[in-house]
Amino acid sequence: MKKSLLAAAAAVTASLMLIAAAPSASASSPVKFRKDGVHIRAKATTDSASLGLGYKSHSVTGICHKKGQVVDGDYWWMKVKNNSTGVTGYVNESLILGTGGGGSIPNC
């Protein structure tokens, strides 16, 4: 009886460790800037303050997206973290490439 209880406890512990290590459904996704000199904005509009610039060579994480000002026919803006500079803010999705192998970006 003690052996089966210990085995069951070990199985439960192992399962919980796997669940904790698994990425969540809303995990952020890697993306890239489509061109150099992309403004990272405080809000989802071009009238918003520019917090920094993004370049094609930068490492970028897509966090979430939301509707904002229409730019080049696209009203979706992605909240990104520029891992190369540490700046977090919004970029119109017309200036972003990819969501990491077909992953989806959750709504903000």
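Atom set for the values below is all heavy atoms of this structure, side chains included, hydrogens, waters and symmetry mates excluded. Each residue takes its place number in the sequence, starting with 1. This structure is a prediction, so every number in the text was calculated from the model and none was measured.
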_S94 to R34 - nearest heavy-atom pair and separation_ =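 Minimum heavy-atom contact is O-NE, 3.0 Å.
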
*Of the non-hydrogen atoms in V87 and G52, which two are nearest, and what is the gap between them?*
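What the structure gives for the nearest pair is CG1-N, 4.3 Å.
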
*Inter-residue atom distance R41.CZ - W77.CH2, 0.5 Å rounding*: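 Result: 6.5 Å between the selected atoms.
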
With a 3.5 Å distance limit and no angle check, can you tell me whether [X] reaches the backbone of [Y] through a side-chain donor-acceptor pair?
X	Y	answer
Q69	T46	yes
S84	S59	yes
S48	K43	yes
N82	V60	no

Check: [Y] and [X] side chains under 4.5 Å, non-hydrogen atoms:
X	Y	answer
K79	H65	no
V31	M78	yes
K32	I96	no
F33	L97	no
I40	L53	no

*Any side-chain donor paired with an acceptor under 3.5 Å for H58 and N83?*
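No, no side-chain donor-acceptor pair sits under 3.5 Å.
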
*Got more than 12 heavy atoms from elsewhere within 6.0 Å of CG, D72?*
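At most 12 heavy atoms, drawn from other residues, nucleotides or ligands, come within 6.0 Å of this atom.
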
_Co-membership, hydrophobic cluster, residues W76 and I63, 4.5 Å side-chain_ =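 No, no single cluster joins them.
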
*Report yes or no: do L51 and V80 belong to one cluster of Ile/Leu/Val/Met/Phe/Trp/Tyr joined by side chain heavy-atom distances under 4.5 Å?*
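As far as the 4.5 Å side-chain criterion goes, V80 and L51 are connected within one cluster.
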
*So is K66 actually on top of Y90's ring, under 6.0 Å and inside 45° of the axis?*
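That pair qualifies as a cation-pi contact.
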
